[in-house]
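The structure appears below as C-alpha cells.
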Amino acid sequence: QVQLVESGGGLVQAGGSLGLSCAASGSISSVRAMGWYRQAPGKQRELVATITSGGYINSIDSVKGRFTISRDNAKNTVFLQMNSLKPEDTAVYLCNANILPRYGSGSFSAYWGQGTQVTVSS
C-alpha cells in the first residue's frame with residue numbers, strides 16, 4: 001500500500017520560515033511529479049509548486065522567490081522550504097505525488113498526504 005507522510009508545518013510570525021517534507025512509502029515502482037497544494041478555509045485547493053523526477057519545477061507566482069521545492073529521488077521525498085511567509089500563506093498544505101505502485105493496475109495514480117497546517121500570524 002502506498003502512502004504519503006508529511007511532516008513540518010506549524011505556527012510562525014509573518015516574515016518567518018517553515019519547512020515541509022513528504023515521504024512516499026510502500027510498494028513503489030516509480031514516482032513522477034511530486035508537489036504541494038494548499039487549501040485555505042473557504043477557498044479552493046490550489047497548486048503551490050511541483051517538481052518532476054528530472055528536476056523541472058512549476059510554481060505559482062505568489063510564492064516565487066520565497067518558496068523552494070526540492071526532492072530526493074532516492075528517498076521518494078519532496079521538500080518545501082517556505083521563507084518570508086505572509087498571513088495569506090495560511091492554509092492546510094497537502095503533498096501530492098504521481099506514483100506507479102509495484103502491484104496493481106500498472107498505471108500511475110495520484111496520491112495525497114493527510115495535510116499539515118501552516119499558520120502565519122501578522
Side-chain angles (χ1 to χ4, degrees):
Q1 185 176 356
V2 174
Q3 61 177 351
L4 301 181
V5 179
E6 300 159 351
S7 61
L11 173 64
V12 67
Q13 288 188 331
S17 299
L18 284 174
L20 305 179
S21 64
C22 171
S25 63
S27 298
I28 295 172
S29 181
S30 181
V31 182
R32 287 179 176 168
M34 302 184 78
W36 294 92
Y37 289 69
R38 67 186 180 187
Q39 187 163 19
K43 295 187 177 181
Q44 288 189 330
R45 185 175 298 182
E46 66 171 352
L47 178 148
V48 176
T50 60
I51 182 170
T52 67
S53 58
Y56 178 80
I57 292 171
N58 181 43
S59 62
I60 54 175
D61 289 343
S62 61
V63 306
K64 288 181 179 177
R66 301 189 299 122
F67 291 11
T68 301
I69 188 170
S70 61
R71 67 187 280 174
D72 183 335
N73 289 333
K75 296 181 179 180
N76 292 328
T77 300
V78 63
F79 307 94
L80 186 68
Q81 178 62 39
M82 304 180 290
N83 299 326
S84 301
L85 281 160
K86 303 175 181 180
E88 52 262 43
D89 294 318
T90 295
V92 174
Y93 284 69
L94 301 109
C95 175
N96 172 271
N98 198 14
I99 296 173
L100 176 64
R102 186 164 296 162
Y103 309 106
S105 65
S107 60
F108 282 84
S109 298
Y111 290 82
W112 292 90
Q114 77 281 6
T116 185
Q117 178 70 45
V118 171
T119 303
V120 184
S121 63
S122 58

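Everything quoted here is computed from the prediction, not taken from an experiment.
At distances below 3.5 Å, at least one donor-acceptor pair connects side-chain atoms of N73 with backbone N or O atoms of S53. Side chain of R71 to backbone of G55: no donor-acceptor contact under 3.5 angstrom is found.
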For residues 6-15, run the donor-acceptor check on the side chains, cut-off 3.5 Å, and write out each pair with its distance to 0.1 Å, sequence neighbours left out.
unit_1, atom_1, unit_2, atom_2, d
E6, OE1, G115, N, 2.7
E6, OE1, T116, N, 3.4
E6, OE2, C95, N, 2.6
S7, OG, S21, OG, 2.6

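There is no side-chain donor-acceptor pair under 3.5 Å between E88 and T90. With 3.5 Å as the limit, one finds no donor-acceptor pair spanning the side chains of T77 and D72.
Each disulfide (SG to SG under 2.5 Å) pair with one or both residues in residues 28-77, not counting sequence neighbours, would appear here, but there are none. Every pair passing ring pair (Phe, Tyr, Trp, His ring centres under 6.0 Å) that includes a residue from residues 34-60 is listed here, sequence neighbours excluded: Y37-W112. Sorted by first and then second residue, the ring pair (Phe, Tyr, Trp, His ring centres under 6.0 Å) pairs with a member in residues 58-86 form an empty list; sequence neighbours excluded.
Taking each heavy atom of V2 and S27 in turn, the nearest pair found is CG2-O, 3.8 Å. Residues S59 and A49 come closest through the heavy atom pair CB-CB, 3.8 Å.
For R32, the salt bridge (Lys or Arg N to Asp or Glu O under 4.0 Å) test picks out no residue, with sequence neighbours left out. Remark: E46 engages R38 in a salt bridge (Lys or Arg N to Asp or Glu O under 4.0 Å) (not counting sequence neighbours).
At a threshold of 4.5 Å between side-chain heavy atoms, the hydrophobic network of Ile, Leu, Val, Met, Phe, Trp and Tyr places L20 and V5 in two separate groups. Under the 4.5 Å side-chain contact rule for hydrophobic residues, I51 and L47 share a cluster.
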Applying side-chain contact (heavy atoms from CB on, under 4.5 Å), run through V118 and L18 and close with a yes or a no.
CA-CA 8 Å; V118 171; L18 284 174; 3.9 Å; yes

Show your reasoning for whether side-chain contact (heavy atoms from CB on, under 4.5 Å) applies to L80 and T68.
CA-CA 6 Å; L80 186 68; T68 301; over 6 Å; no

Just do the side-chain contact (heavy atoms from CB on, under 4.5 Å) check on Q39 and Y93 with the steps written out, would you?
CA-CA 7 Å; Q39 187 163 19; Y93 284 69; over 6 Å; no

Can N96 and M34 be said to form a side-chain contact (heavy atoms from CB on, under 4.5 Å), step by step?
CA-CA 6 Å; N96 172 271; M34 302 184 78; over 6 Å; no

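Taking 4.5 Å as the limit, every side-chain heavy atom of L100 sits out of range of all side-chain heavy atoms of I28. Side-chain contact between Q81 and S70 is absent, with no heavy atoms from C-beta onward closer than 4.5 Å. Considering only heavy atoms from C-beta on, I69 comes within 4.5 Å of V78 through its side chain. Counting only heavy atoms from C-beta outward, the side chains of L4 and I99 approach each other to under 4.5 Å. The closest side-chain heavy-atom distance from R66 to D89 is below 4.5 Å. With contacts defined as side-chain heavy-atom distances shorter than 4.5 Å, the pair F108/S30 qualifies.
The environment of NZ in K64 is crowded: more than 12 heavy-atom neighbours from other residues, nucleotides or ligands sit within 6.0 Å.
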